[in-house]
Amino acid sequence: MMKEETIHLINLATGYHDKKGTTVITNNINACLYNGELTCLLGPNGAGKSTLLKTLTAFLPPVRGEIIIEHKPLCEYSDSELSRVIGVVLTEKLAINNMSVDELVGMGRSPYTGFWGRMDNHDREVVDEAISLVGIEHLRGRMIQTLSDGERQKVMIAKALAQETPIIFLDEPTAFLDYPSKVEIMQLLQKLARDRNKTVFQSTHDLELALQIADKIWLLDKSHGLTVGSPEDLSLNGDMSVYFHREGVDFDMETGLFRIAHDMRHRITLEGSGSRANMVKKGLARHGITTISEHEPGLHFIKVERDNYYLDNKPYSSIDTLLEAVVNLVNKIDGIDTKLST
Amino acid sequence: MSRSKTVILMIVLAVTIILFFILNLLLGSVEIPMSDILGILIGQDNDNTIWTNIVLKSRLPQAATAAMAGAGLAVSGLLMQTVFRNPLAGPSVLGISSGASLGVACVVLVSGSVGGMALSKLGVIGEVTITLSAVVGSLLIMALIAFVAQKVRGNVTLLIMGVMIGYIANAIIGVLKFFSAEEDIRAYVIWGLGSFSRVSGGQTTVFIVLMCLLLPTAFFLIKTLNLLLLGDSYARNLGLNIKRARLLVISCSGVLVAVVTAYCGPVVFLGLAVPHICRGLFHTSNHATILPASLLGGASLALLCNLIARMPGFEGALPVNSVTALVGAPVVMWVLFDKRKNEV
């Protein structure tokens, strides 16, 4: 399928009006969103992610500039037209009791139903399809208030699907979810973008996941404004590290992911390879110990074999006990030598 | 809840209305045999003109008024709870009943001290004036609330505004009372007790016709109400014009309360309690079910309350407001307890 530009932002400035006048939050945004793609909006708290998202969904008027949605300016859409073009999933928790999942997903059909809100056979089919796409058939009869956060989020995504809009905006859909649920929701969104050719745009704080799964990343920051690109390009040209540079966080060019920068104060020799050796390495890094592969006179050494870990030829059955022994060594000599020497 | 269960429950509610209606005709301080009542109702001449008068001029209008007023208050309470997304919203909470009281107080109390004649002595003209002043008073407050609703964002803020407006109205009434003649104050206090029996003769017909026109308009709002349940942002995204929707729903419920209060005085707790009882019975928030359910439930409960207030032995001693409070207050407490678990 051809990728087409669905949303085009021209010199957009976001912000809000109040009694004191106009506050501009982000200026000069020029960017596009494409169908068939999952785009993630990343940025620190207070960067203006929510304001941008609210502006794109027409909850807030733009301060300046234009938003073109499917070749037509956003301001020219009527409420009911817009409800067939943009579907939203928000962070606010629904305060409804006694409404079944089925009924809630059915609410997504409101823009298409008549005066009384009655659903016809076609509406029912669309709802069924949305429910099965998101994989929540087993929740159908359940009441909203009995669902977990992850389940509720899926129901809201199904609602947005039932709305049959080419564009779906999501405001931090993975917030408050456990890790597997975060992954599940992200994968679901990517699948929807791919299979249904929808334009999916979400704000998120889940950097790692976004970098692995998003087609495009929008980086938003108060001082740098908006930067757009694929996760890979942004990694290579250093934009990622600029945006998220903090004490104690390193951007790993090799994996294109972030990792915690440990303060390395000691060295030790590590013999062995494979995942076990990597895990030992990771554990040591946590204690501020870096590893080298060569033997050096005066340096302690760890050997990793199939079933055991050896510190100076003494066996340990788990990484935990091994680390304990190493840390003991470090504490004994701390402040005397930067090397782990015998 | 399955469709058939819902239908059965609706029928049960309708049957209770008929049952309580008949009991309202049957029971009272004067004992009239069932066969005579039926005869009077279908227009047969009865030898006992007192019986005819009691049934046709007292019990029948009172029962019809109770049923209509209960339905109106319950529907109005449901609309308010949905539009303000607050389970404790109700006609009296938003100051609309107080508005009606203020209107009545202005006319009843001021006419005596300014015009030099007690309105309470004027008979039919007095009654009509009281009714009109209540409608004007509550509609004014409702317009004020609707205006405030457009300005303030939070529903809770609006609710507090309503309560404050109620306090102000009561304060003004207090001042008016101070300057009024004693018999005017008594007339006002009697109106303020709330009663389904104050409406009589042609007024009953007017009241019933008004309610028959107003109640169906609420049904036009079913889709809007369901969307409002989702919260402003989701509702807007689904194509609802929030401001217009809120205005429509507030106006509809405001007019309902105004008319009921004008004819029956401020009847407390029915509007607040009935929607909760219905939600508990039907296990749904869908207005396609809960709106007709509240209408039927309101009528039924009002008839029951009227019946209790008129129980032999109580005659006149027990104002209907005491009964509705007795039924409604525990419901509010139950909602508050339940709220700790999951509601709101």
Side-chain angles (χ1 to χ4, degrees), chain A residues 18 50 53-54 56-60 77-100 102-119 141 143-147 155-156 159-160 162-165 167-171, chain B residues 1-3 6 81-82 84-87 151 153-156 216 218-245 275-276 278-293 335 338-344:
Chain A
D18 56 18
S50 295
L53 214 58
K54 276 183 192 156
L56 291 183
T57 45
F59 288 156
L60 268 181
Y77 281 91
S78 71
D79 282 349
S80 63
E81 281 176 324
L82 207 57
S83 64
R84 298 168 190 223
V85 178
I86 296 175
V88 297
V89 175
L90 307 164
T91 30
E92 67 183 60
K93 209 174 160 180
L94 287 172
I96 323 173
N97 287 303
N98 294 327
M99 184 185 261
S100 70
D102 226 15
E103 280 177 303
L104 184 59
V105 177
M107 297 291 274
R109 294 305 295 165
S110 304
Y112 304 91
T113 55
F115 184 78
W116 299 101
R118 277 260 151 91
M119 290 204 279
M143 293 293 170
I144 302 298
Q145 70 267 27
T146 67
L147 301 179
V155 173
M156 291 322 290
K159 181 236 64 166
Q163 216 174 329
E164 287 193 305
T165 55
I167 299 160
I168 298 177
F169 287 132
L170 306 98
D171 190 8
Chain B
M1 179 171 279
S2 69
R3 215 180 159 75
T6 306
Q81 282 166 16
T82 299
F84 299 120
R85 232 167 296 128
N86 191 319
K151 296 283 168 195
R153 289 189 75 80
N155 286 318
V156 178
F219 283 80
F220 294 130
L221 295 169
I222 286 177
K223 186 178 173 181
T224 303
L225 289 166
N226 279 339
L227 280 172
L228 281 174
L229 278 180
L230 296 180
D232 286 0
S233 304
Y234 277 122
R236 223 174 125 177
N237 179 247
L238 288 167
L240 189 73
N241 182 335
I242 297 293
K243 277 191 175 172
R244 211 186 60 193
H276 286 295
C278 291
R279 281 191 208 104
L281 280 177
F282 288 84
H283 297 289
T284 180
S285 293
N286 190 342
H287 287 83
T289 304
I290 215 76
L291 186 66
V335 170
D338 207 38
K339 209 162 84 171
R340 290 196 343 171
K341 273 187 288 169
N342 51 27
E343 223 170 293
V344 179

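These numbers come from a predicted model, not from an experiment. Reminder, nothing fancy here: chain letters follow the sequence lines and each chain counts from 1.
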Quiz item: salt bridge (charged side-chain N to carboxylate O under 4.0 Å, His left out) with A:Glu92: which residues, sequence neighbours excluded?
Solution: none
Self-check item: Pairwise distance CG(B:Leu238) to CD(A:Gln163) - rounded to 0.5 angstrom
Solution: 4.5 Å
Quiz item: Where does A:Leu90 contact chain B at under 4.5 Å (heavy atoms): side chain, backbone, both or neither?
Solution: both
Practice problem: Output all residues satisfying side chain to side chain contact (heavy atoms under 4.5 Å, CB included) with B:Thr289, sequence neighbours left out; order by chain, then residue number. | Solution: B:Thr6, B:Met10, B:Phe282, B:Thr284
Self-check item: Check: A:Asn97 and A:Met143 side chains under 4.5 Å, non-hydrogen atoms
Solution: no
Quiz item: Considering only heavy atoms, which portion of A:Ala58 lies under 4.5 Å from any heavy atom of chain B: side chain, backbone, both, or neither?
Solution: backbone
Exercise. Please look at B:Leu240 and chain A and tell me whether the side chain, the backbone, both or neither of the residue comes under 4.5 angstrom of a heavy atom of that chain.
Key: backbone
Exercise. Please report the C-alpha distance between B:Thr82 and B:Leu229 in whole Å, then the side-chain angles of each, then the deciding distance to 0.1 Å, and finally whether the side chain to side chain contact (heavy atoms under 4.5 Å, CB included) criterion is met.
Key: CA-CA 6 Å; B:Thr82 299; B:Leu229 278 180; 4.2 Å; yes
Quiz prompt | Toward chain B, the part of A:Thr57 with a non-hydrogen atom under 4.5 Å | solution = neither
Exercise. Answer with side chain, backbone, both or neither: which region of A:Lys54 has an atom nearer than 4.5 Å to a non-hydrogen atom of chain B?
Key: neither
Exercise. Sort A:Ile86 into side chain, backbone, both or neither according to what part of it lies under 4.5 angstrom from a heavy atom of chain B.
Key: both
Quiz item: Under the 3.5 angstrom rule, does the side chain of B:Arg236 hit a backbone N or O of B:Ile242 as a donor-acceptor pair?
Solution: no
Quiz prompt | Option in A:Thr165, A:Thr113, A:Leu104 with maximal non-hydrogen atom pairs under 4.5 Å from chain B | solution = A:Thr113
